[in-house]
Structures are given as C-alpha cells and as structure tokens.
Amino acid sequence: KKSTPVKKAPAKKAAAKKVLAKKAASAAAPGIGRSAITGRFMSVAAAKGIIKDQAAVLERLLERERIQSTAVGSGIAIPHCFTDEIADLAIVVARAPGGIAFDSFDGRPTHVVFLLMGNRQEHGLHLKALARIARLIKSTAFIDRVIAADSVDAMVRAFEEEEAKI
C-alpha cells in the first residue's frame, strides 16, 4: 500500500506587525506601577474597540500577575491572558521611557510592555506570538527604537523593520 501524503493546513502566522495595529499601540505610558499600567491598557483596548468587558480582562491579567510577574528583565514585560473578548489575538504595546515598577526579577524598571490577549481556542497562536516577541526582544537595538519612538507610527515601523530580519 502506498500512503498518501497528508496536506497540512497553513499555519496561522503570529507576526507581531500583523496583530499590532496602530490603534493598539500607546506612544507613552506614565511612570506608574504594574496594576495601574494594566488598567490603562484595558482603557485603551476598550476605547479602541478591542475589548468590551474591561473588568473581566483586567482580572484575568492581574490573576496572571499574581502567579508571577510577567516582567522578563532588561526593561521588558509581557503580560498575557486568555479571554473570550478576543476572537484570536490582540497585542497592545506601550513604552515608558521613565520606567514602570513591574516587579521584574532583575529589579530594573520596565520600559516596554507587550500585552497579549488571546482567545483560549487559539492557544497555539497565542504561544506563537509569545515566541515571536521573545525573538524580537533579543535585539536591544529594537527595544531602543521602541523606547525612543516619538510616535505610534515609529513604534510600528520598528516592529516592521525588526520582523523583516527574522
């Protein structure tokens, strides 16, 4: 018997530039704490029509933060959660040149926050996006460009340029 090759469905791409719409970037965040910046993210996401139930999503994010801080060191935090509010995946990014107290294991202030909200049914896409961001943040030049960005457009360009390299 000959076996018929199985065709795989094309994998959904988790390119950050595909899900980081201009409407989902915050050009600057004040030097505030982890809970306050997470609340600000919810306000921005709701105002932009990304989510409806701010309180429910905020609780999921804070629940995740209570388990362990999502600050990964080197001035970066990647808070993330699953919610039915999102059809597949949404990424919101903020920069804080002055730094945010995000309870990072290295004790340093956080300057760039990538918030991921994904639908539980799209678990694989969520994980791919986390992996993609992990690759992006390896570039200190990329992080420096995001922090120095003087506009949301400049932040989005930094993503596009860095993703073209990987």
Side-chain angles (χ1 to χ4, degrees), residues 8-29 33-35 37-38 40-42 44-45 50-51 57-58 60-83 85-149 152-166:
K8 292 183 180 178
K12 288 187 178 182
K13 296 198 180 205
K17 71 181 180 182
K18 302 279 187 211
V19 292
L20 173 69
K22 287 182 186 179
K23 69 179 186 176
S26 178
R34 179 171 58 168
S35 294
I37 191 65
T38 305
R40 178 183 159 119
F41 270 133
M42 294 303 92
V44 169
I50 297 169
I51 61 169
V57 180
L58 179 60
R60 289 199 176 270
L61 285 166
L62 295 177
E63 180 181 300
R64 171 61 185 89
E65 288 297 319
R66 284 190 290 273
I67 295 169
Q68 182 177 351
S69 174
T70 55
V72 296
S74 301
I76 311 291
I78 313 170
H80 54 280
C81 72
F82 291 108
T83 175
E85 291 278 320
I86 305 295
D88 48 22
L89 179 71
I91 299 175
V92 182
V93 179
R95 64 182 183 82
I100 299 167
F102 218 91
D103 195 24
S104 179
F105 72 90
D106 64 3
R108 294 171 52 190
T110 295
H111 297 282
V112 180
V113 181
F114 301 88
L115 167 67
L116 275 75
M117 297 173 287
N119 187 292
R120 188 170 307 282
Q121 300 303 316
E122 295 291 343
H123 190 262
L125 184 61
H126 187 90
L127 292 176
K128 287 178 186 179
L130 282 170
R132 188 75 170 190
I133 288 173
R135 284 192 297 277
L136 287 170
I137 64 175
K138 285 181 181 179
S139 168
T140 55
F142 164 67
I143 296 302
D144 290 345
R145 283 194 313 271
V146 172
I147 293 170
V152 171
D153 288 336
M155 288 174 64
V156 172
R157 269 194 311 280
F159 271 89
E160 291 171 347
E161 291 167 7
E162 196 64 32
E163 285 204 317
K165 297 176 189 177
I166 58 175

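Between atom CZ of residue Phe41 and atom CG of residue Leu61 there is a gap of 9.5 Å, rounded to the nearest 0.5 Å. Here the CZ atom belonging to Arg145 is positioned 6.0 Å from the OG atom belonging to Ser139, to the nearest 0.5 angstrom. Once rounded to the nearest 0.5 Å, the distance linking CD1 of Ile143 with OG1 of Thr140 reads 8.5 Å. To the nearest 0.5 Å, atom CD1 of residue Ile86 and atom NE2 of residue His126 are 11.0 Å apart. Atom CD of Glu162 is separated from atom CZ of Arg132 by 10.0 Å, given to the nearest 0.5 angstrom. Rounded to the nearest 0.5 Å, atoms CG (Leu115) and CD1 (Ile91) are 9.0 Å apart.
Listed by chain and residue number, Arg34 satisfy the salt bridge (charged side-chain N to carboxylate O under 4.0 Å, His left out) test with Asp103 (two or more places apart in sequence, or in another chain). Checked against salt bridge (charged side-chain N to carboxylate O under 4.0 Å, His left out), Arg60 has no partners two or more places apart in sequence or in another chain.
Looking at every heavy atom in both residues, Phe142 comes nearest to Leu136 through CD2-O, 3.4 Å. For Ala90 against Ile50, the heavy-atom pair with the smallest separation is CB-CG2, 3.8 Å. Minimum interatomic distance between Glu65 and Pro79 (heavy atoms only, all atoms of both residues): OE2-CB, 3.7 Å. Smallest separation of non-hydrogen atoms from Ala149 and Met155: CB-CG, 3.5 Å. The two residues Ala71 and Phe105 make their nearest non-hydrogen contact at O-CD2, 4.0 Å. Of all non-hydrogen atoms in Arg108 and Ser74, the two that sit nearest each other are NH1-CA, 3.7 Å.
By the 4.5 Å heavy-atom criterion applied to side chains, Val92 and Arg40 are not counted as neighbours.
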Report task. Assess whether side-chain contact (heavy atoms from CB on, under 4.5 Å) is satisfied between Ile133 and Leu116, documenting all intermediate values. Result -> CA-CA 10 Å; Ile133 288 173; Leu116 275 75; 3.3 Å; yes
Requested in this report: Evaluate side-chain contact (heavy atoms from CB on, under 4.5 Å) for Asp88 paired with Asn119, printing each intermediate quantity in order.
Outcome: CA-CA 5 Å; Asp88 48 22; Asn119 187 292; 5.6 Å; no
Query - salt bridge (Lys or Arg N to Asp or Glu O under 4.0 Å) between Glu160 and Arg157, worked out - result: CA-CA 5 Å; Glu160 291 171 347; Arg157 269 194 311 280; over 6 Å; no
Query raised in the report: Step by step, would you call Lys128 with Leu89 a side-chain contact (heavy atoms from CB on, under 4.5 Å)?
Result: CA-CA 11 Å; Lys128 287 178 186 179; Leu89 179 71; over 6 Å; no
Requested in this report: Assess whether side-chain contact (heavy atoms from CB on, under 4.5 Å) is satisfied between His80 and Thr70, documenting all intermediate values.
Outcome: CA-CA 8 Å; His80 54 280; Thr70 55; 3.9 Å; yes
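Using modelled atom types, no side-chain atom of Ser104 and backbone atom of Gly75 make a donor-acceptor pair closer than 3.5 Å.
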